[in-house]
Each structure stands twice: as structure tokens, then as C-alpha cells.
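Whatever order the structure lists ligands and atoms in, that order sets their numbers, starting from 1. Numbering starts at 1 and runs along the sequence shown.
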Amino acid sequence: MYRLKVYREMRARAPQTAFKWFASSRFVHSLPFATVNAEEISGSKPAEVQNLVQGKWTGSSKWNTILDPLNGESFIKVAEVEETGIQPFVESLSKCPKHGLHNPFKAPERYLMLGDVSVKAAHMLSLPKVSDFFCKLIQRVAPKSYQQAHGEVYVTQKFLENFGGDQVRFLARSFAVPGNHLGQQSHGFRWPYGPTVIITPFNFPLEIPVLQLMGALYMGNKPVLKVDSKVCIVMEQMLRLLHECGLPVEDVDFINADGKTMNKLLLEANPRMTLFTGSSRVADKLAVDLKGRIKLEDAGFDWKILGPDVQEVDYVAWVCDQDAYACSGQKCSAQSILFMHENWSRSSLLSQMNELAARRKLDDLTVGPVLTFTTEAMLEHMNKLLQIPGSKVLFGGEALQDHSIPSIYGAIKPTAVFVPIEEILKDNNYELVTREIFGPFQVVTEYKDHQLPMVLDALEKMHAHLTAAVVSNDVLFLQEVIGKSVNGTTYAGLRARTTGAPQNHWFGPSGDPRGAGIGTPEAIKLVWSCHREIIYDIGPLPQNWETPAST
Ligand SMILES: NC(=O)c1ccc[n+]([C@@H]2O[C@H](COP(=O)([O-])OP(=O)(O)OC[C@H]3O[C@@H](n4cnc5c(N)ncnc54)[C@H](O)[C@@H]3O)[C@@H](O)[C@H]2O)c1
């Protein structure tokens, strides 16, 4: 009873005093923002996820039931907005003008307010109890090891720290160039788009939505956020945390809807900018529907090339294992294909990769459910690859046993299939071999010195250019490969990896004018603001000025 009273008092005082309450360790244990207990959610105690529109949390007449990926129990009920229910969201966005909630000439104090919110939210995430809450909640809906979930929470915390204090207003830094005559000066400003939409996928339920949402807000936009329903509970709880940290409740709307309803909302609300993170299939459809007013973080068929210099085999094998199989291969940056110089085939690399893959187990979620491919679909893909002459299973290639993962999801052992480089390049094989399988699955191939042009050819033909790794300390080799490829996030050097999207470096595709980025000040400015030039020309007129002849 006492705790309930304290909790009510805390809510009444929020947001102004939330930080103080949390700073006191006595209250760290109560998590006043949270409406669920991550460990207790179950079929008999299902959690509910609401929508947020025009500052109010709302339910819906339609509840979408989410199955626990580990045992199939109906454990989360999501209030899904139907096509008939989108009007409040359309209205809410329409209230935000094109010039945004703030800009350098309007409500600049909001830059400071958002800096304060970031400081407080970062501090909250640094508290072990809060961090543990989000790690466990992520694990419940997008099963991955505790360390992988913690990585997501940690990157989010560091990102928020990076944009504390004055750093938000520095994002909107302008510049000036002297003009042609006295009184003339041109100023370049970063301008918001105003009403915007953010759509994010299932695989990083906290990191992707928070980083994009805060970037949108920092630059003065009003976003409506839609996270994949399977994992939206994480962001629903995070929004409640942000409110406790002082984020005005009207600043962001949060909608749960299926793809079709969301598509309708986009067409009716006509946002000035949409940031879409997800598959290329949906990305390409939305690019057309939205007439190009979109930025994309789409599919990754991410490659790694091992150069001719074989060194530190243990380390490279471990990085390959992490890149291909951490989060059960469900990172957009996961290693999808490994081009291995023949020198590596003579090393213990493949056998070490096999041993490392065999260590992964369901118990600690180092391998686990695949949320967008069934077991059958992944094995069928593998069998198609095996029809290519010279291909073979290097390891894995079987369904996981002794589990209760429901059949709508996939469960296979970490798998590697070898396909000869000559075969990969053939027109009738190329598309199949380079299809993104969003699960613990990779293709491995081998090349000889004289076949490097074939490898580069294979890269040139790919349609998605997200992450890549060139594992070599041979500077000339690095130059050759980097100079002839385009991936937006490319690691180069012996320690190169394909995964890893920390807050301190740009993460995003390249080679596509629609390409977005995430994390850094450059990414935020590129995605969430546009350039506006104000040319001051205040005079005075030159003495004795006369009307010139027409030109
Ligand atoms: N480039 C990146 O940074 C990045 C990051 C994570 C994931 N991904 C990619 O995402 C994919 C996996 O995620 P997924 O399966 O959830 O992707 P998805 O494209 O199926 O779904 C992404 C989001 O779009 C929504 N959606 C679906 N159809 C829609 C429509 N017509 N209109 C509006 N919204 C719609 C979904 O509900 C979800 O929230 C992989 O291809 C992966 O490579 C890319």
C-alpha cells in the first residue's frame, strides 16, 4: 500500500522531479515508469501495449496477440489501430506545421529541453535496475543473449549521453558567408521537416527506435512512431521512461498497426519525411507511395572478405562466428557471405568456426528463434543452394531439437553452406545465393589471387550496400577492395567485423540517394533536417543609387 502511495505521488510529480527520485537509490527498485514486469509476462499474465496519440495513452477495440517466441504462449496483447481508427493520428500530425515544433527562429529553448531529457534518460538507463529491465524485456520479445540485449541498452544510453546539455543545439549549428555588398550575408540553417513518421523493424526493439526518434525530435520534428508489433512493448515502456524524464507527452505519437494500416496512415497523413528501417521489399513500395519523401535503412546482404595475409586465426574465426550467428543472425549487419582467400582454407579457420558455432545453445539464447523465417523456409533455401554444383554444408543445416519454439518462427543450428565462386557469379545462381536469410545462415566461398576481380564483380552486382568487412592488414589489398566497393559501413583491417553499430560511428547503407544513417551527428542532420538558406540583405543602398536599365 505504501509503495502504491509513493508510486502515485511520483507520477503526480513527474516529470519535473523524476530525475531526483531516480537518483535516490531507494526508488531505483520501483521503476515508476514501467507498467510491466519483464520476467512475469506470461500466457496467464499477459502484458498489454497501448497507443499514444495527442498526449493520451489509448487502447483499441482490436487486440493483436503476440506469441512468446520461446514457448508459443499468447503473452502480449497489443492494442492495434485499425484502418478506421487512424484519424486521431492523422489529425495529430496535421497540427504540426512544416516548420516544425522548433527551429533556430522558433522555440529554441526546446533544443535545451531535449538535451535535458537526454541527460536524464541516459542516467536512468545507466541504473542497473533499469538497464536490466530493458535487457530482459528485449530478450522476451526478440530472443538474444543477455550480452547482446545489454549491448543494445548500452548503445542507447551512450547515444543519449552524447546529446545531453548543449549538444542538441549544436546539431542545429548554422554558418554564414559574407555577401556581395554591405548588409548582405547568407546563412545556412538546419531546418526540420515538421510532421514525420518513423517505422522500425523487430530486431533491435530499443536501439533503432530510440536513436531515430530522438534524432527526429532534436531537429524539431513531430514524429509518429511505429515499431514492429512483435516487439513494440519495449518502446512503449521506453516512451513512458522518456515522459518521466521530461519529454512532453504531445511530442511523439506511438501507433501499433499492421503494415497495411500503416501504409494507409502514411498516404492520408502525408508526412513531410518518413524514415523506414526494414526490408527492401517494403522500402521500395513506400518509396513509390510516398513519392520519394523517404529515407531508407533497408536490407543487408553483408559481406566479409578475408585477404591473402593469414594472421590471428583464432580471433578471426571468433569474429566470423559473432558476425554470422550472434542474435541468431538477425542483425541487418550480419555476415551473409564470406569470401575467403585460399590461404585461409589451409588454416584451421573453418574448423574453428564450426567449433564456435557448436557452442551456441538455446539455454542462453546464443542461438534462438528466428522471427521472420520458418525452419522449413531456411532449410528449403539451403537445399536449393545445395543443388548448385560443388556446394556443400560446412556445418549446421539442421533444425534445432528439444524446444518449444512455435512453428510460426524458425529454429535452426548455425549453418554455413559452401558455394564455389564461379557458380555464384552465374546469372541463374546469383540471386539465389545473395538472398538475405534473416537467420543463423551464411554462404562461404573461396577465391584465389587471380579471382579477386570475380569477388569484386559479385559485390558490384549486389543491390544492398549496408555493412562490409575487409579482413587484412595488407594496405594495397585494402585499397583495392575499398576503392572498388560502396558499402556505407565498411570495417577494414585484421580486426574488421560486419556487425557492431555503436553510437560513435555512422551506420547505414551507401550508394543510394535514399540511404539514411543512424547514430552520429552527421546521421541525425542528414536524416532529420534539411538545408535552409536565409540571405540577409538589409542595406544600406549605395549613395546616389539610381534605377538601372532593364536587363
Ligand atoms: N539497414 C538497417 O539499418 C536495418 C536495421 C534492421 C533491420 N533491417 C532489415 O529489416 C529486415 C527485417 O525486419 P522486418 O522483417 O521486421 O522488416 P519488414 O520490412 O517486414 O518490417 C519493418 C517494419 O515495417 C512495417 N511495415 C510492413 N509493411 C508496411 C507497409 N506497407 N507500410 C508501412 N509499414 C510497413 C512492419 O510492421 C515493421 O514495423 C531485414 O531485411 C533487415 O536487413 C535493416
Side-chain angles (χ1 to χ4, degrees), residues 64 66 78 80-81 83 86 89 141-142 144 152 155 197-209 211-212 215 224-232 234-235 254-269 271 274-290 294-302 327-336 370-374 377 408-410 434-439 441 462-468 487-489 498-502 505-512 514-519 523 527:
N64 178 12
I66 308 296
V78 179
E80 284 217 341
V81 175
E83 288 189 29
I86 62 175
F89 293 88
V141 289
K144 48 179 103 171
E152 203 179 323
V155 166
V197 173
I198 302 168
I199 301 175
T200 61
F202 75 88
N203 60 343
F204 286 90
L206 184 73
E207 183 183 332
I208 296 176
L211 269 56
Q212 293 295 10
V224 53
L225 171 64
K226 181 231 181 301
V227 180
D228 188 288
S229 295
K230 292 192 275 299
V231 302
C232 59
V234 176
M235 206 49 214
F254 177 68
I255 185 169
N256 301 298
D258 60 19
K260 198 159 155 266
T261 304
M262 196 57 203
N263 212 145
K264 186 162 193 276
L265 172 63
L266 287 170
L267 294 176
E268 289 195 17
T274 294
L275 178 278
F276 175 81
T277 309
S279 64
S280 298
R281 181 184 61 81
V282 179
D284 287 336
K285 177 181 189 308
L286 293 181
V288 173
D289 288 355
L290 295 169
I294 190 165
K295 289 240 185 287
L296 303 176
E297 293 257 28
D298 56 347
F301 187 82
D302 308 295
C327 296
S328 303
Q330 293 168 101
K331 296 186 186 185
C332 44
S333 52
Q335 177 176 313
S336 305
V370 172
L371 301 197
T372 51
F373 278 86
T374 60
I408 54 162
Y409 298 135
T434 58
R435 175 165 178 226
E436 182 193 33
I437 298 295
F438 216 47
F441 191 93
M462 286 176 191
H463 74 86
H465 305 291
L466 190 54
T467 72
N487 291 44
T489 305
T498 62
T499 59
H505 69 57
W506 168 282
F507 185 87
S510 187
D512 185 339
R514 306 166 306 173
I518 188 168
V527 174

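Below 3.5 Å of separation, one finds an N or O of T200 facing an N or O of ligand 1. Close N/O approach between E436 and ligand 1 is found [any backbone or side-chain N/O within under 3.5 Å]. Of the N or O atoms in N263, one or more lie within a sub-3.5 Å distance of an N or O in ligand 1. Any N or O atom pair closer than 3.5 Å counts here, and K285 shares no such pair with ligand 1. Backbone and side-chain nitrogen or oxygen atoms of K260 are examined, and none is located within less than 3.5 angstrom of a nitrogen or oxygen of ligand 1.
The distance from ligand 1 to the heavy atoms of L286 drops below 4.0 Å at these ligand atoms: 32 (N), 33 (C). Residue contact check: A299 has heavy atoms under 4.0 Å from atoms 41 (O), 43 (O) of ligand 1. Atoms of ligand 1 found under 4.0 Å from any heavy atom of G300, numbered from 1 in the order shown, are 43 (O). Those atoms of ligand 1 that come under 4.0 Å of a heavy atom in N203, given as number and element, are 6 (C), 7 (C). Taking every heavy atom of T372 and a limit of under 4.0 angstrom, the matching atoms of ligand 1 come to 15 (O). Residue-ligand proximity, M262 to ligand 1, at heavy-atom distances under 4.0 Å covers atoms 33 (C), 34 (N). For ligand 1, the atoms closer than 4.0 angstrom to any heavy atom of I208 are 5 (C), 6 (C).
Q212 contributes a side-chain N or O that, together with a main-chain N or O of G517, makes up a donor-acceptor pair within less than 3.5 Å. Side-chain N or O atoms of K144 include none that pairs as donor or acceptor with a backbone N or O of Q330 at under 3.5 Å. For the pair T489 (side chain) and G508 (backbone), a donor-acceptor distance under 3.5 Å is present.
Within a 6.0 Å sphere centred on NE2 of H505, other residues, nucleotides and ligands contribute more than 12 heavy atoms.
Atom-to-atom distance recorded for L275:CG and E297:CD is 6.5 Å, nearest 0.5 angstrom. One distance of note links CG of L266 with CZ of F276; it measures 10.0 Å at 0.5 Å rounding.
At the shortest separation from atom 32 (N) of ligand 1 among protein heavy atoms lies G259 O, 3.3 Å. Summary of contacts: the protein heavy atom closest to atom 3 (O) of ligand 1 is E297 OE1, 3.1 Å. In terms of protein heavy atoms, atom 13 (O) of ligand 1 is closest to P201 CB, 3.4 Å. Protein heavy atom at the shortest distance from atom 36 (C) of ligand 1 is K226 NZ, 4.0 Å. Of the protein's heavy atoms, C332 SG, 2.9 Å lies nearest to atom 5 (C) of ligand 1. Among all non-hydrogen protein atoms, the one lying nearest atom 19 (O) of ligand 1 is S279 OG, 2.6 Å. For atom 1 (N) of ligand 1, the closest heavy atom belonging to the protein is D298 O, 2.8 Å. Counting only heavy atoms of the protein, atom 25 (C) of ligand 1 lies nearest to I199 CG2, 3.7 Å.
Contact annotation: for D228 versus ligand 1, heavy atoms closer than 4.0 Å belong to both the backbone and the side chain. Neither the backbone nor the side chain of L371 has any atom closer than 4.0 Å to an atom of ligand 1 (non-hydrogen atoms only).
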### Message
Run the side chain to side chain contact (heavy atoms under 4.5 Å, CB included) test on L371 and F438 for me, step by step, so that the C-alpha distance in whole Å, both residues' side-chain angles and the decisive distance to 0.1 Å come before the verdict.
### Response
CA-CA 8 Å; L371 301 197; F438 216 47; over 6 Å; no
### Query
How far apart are the C-alpha atoms of V197 and K226, what are their side-chain angles, what is the distance that settles it, and do they pass the side chain to side chain contact (heavy atoms under 4.5 Å, CB included) test?
CA-CA 8 Å; V197 173; K226 181 231 181 301; 5.7 Å; no
### Query
Should K230 and D228 be marked as a salt bridge (charged side-chain N to carboxylate O under 4.0 Å, His left out) after you check the CA-CA gap, both sets of side-chain angles, and the distance that decides it?
CA-CA 6 Å; K230 292 192 275 299; D228 188 288; 3.4 Å; yes
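When each of D302, T498, N487 is checked for a side-chain hydrogen bond (donor to acceptor under 3.5 Å, both in side chains) with T467, only D302 meets the rule.
No side-chain donor from either of N64 and N256 sits under 3.5 Å from a side-chain acceptor of the other.
Not close to ligand 1: I518, with no non-hydrogen atom less than 4.0 angstrom away. Distances from ligand 1 to the non-hydrogen atoms of F276 include at least one value under 4.0 Å.
Not a single protein heavy atom sits closer than 4.0 Å to atom 21 (O) of ligand 1.
Relative to atom 27 (C) of ligand 1, the option among L296, D302, V282, I437 with the closest non-hydrogen atom is V282. Within the set F438, F373, F204, F507, the minimum heavy-atom distance to atom 42 (C) of ligand 1 is found for F438.
Residues S279 and E436 are not in side-chain contact: their nearest non-hydrogen atoms beyond the backbone lie 4.5 Å or more apart. No side-chain heavy atom of S280 sits under 4.5 Å from any side-chain heavy atom of F301. Side-chain contact between K331 and F204 is present, with heavy atoms from C-beta onward closer than 4.5 Å. Residues I66 and V141 are not in side-chain contact: their nearest non-hydrogen atoms beyond the backbone lie 4.5 Å or more apart.
Applying the salt bridge (Lys or Arg N to Asp or Glu O under 4.0 Å) criterion to D284, with sequence neighbours excluded, gives R514.
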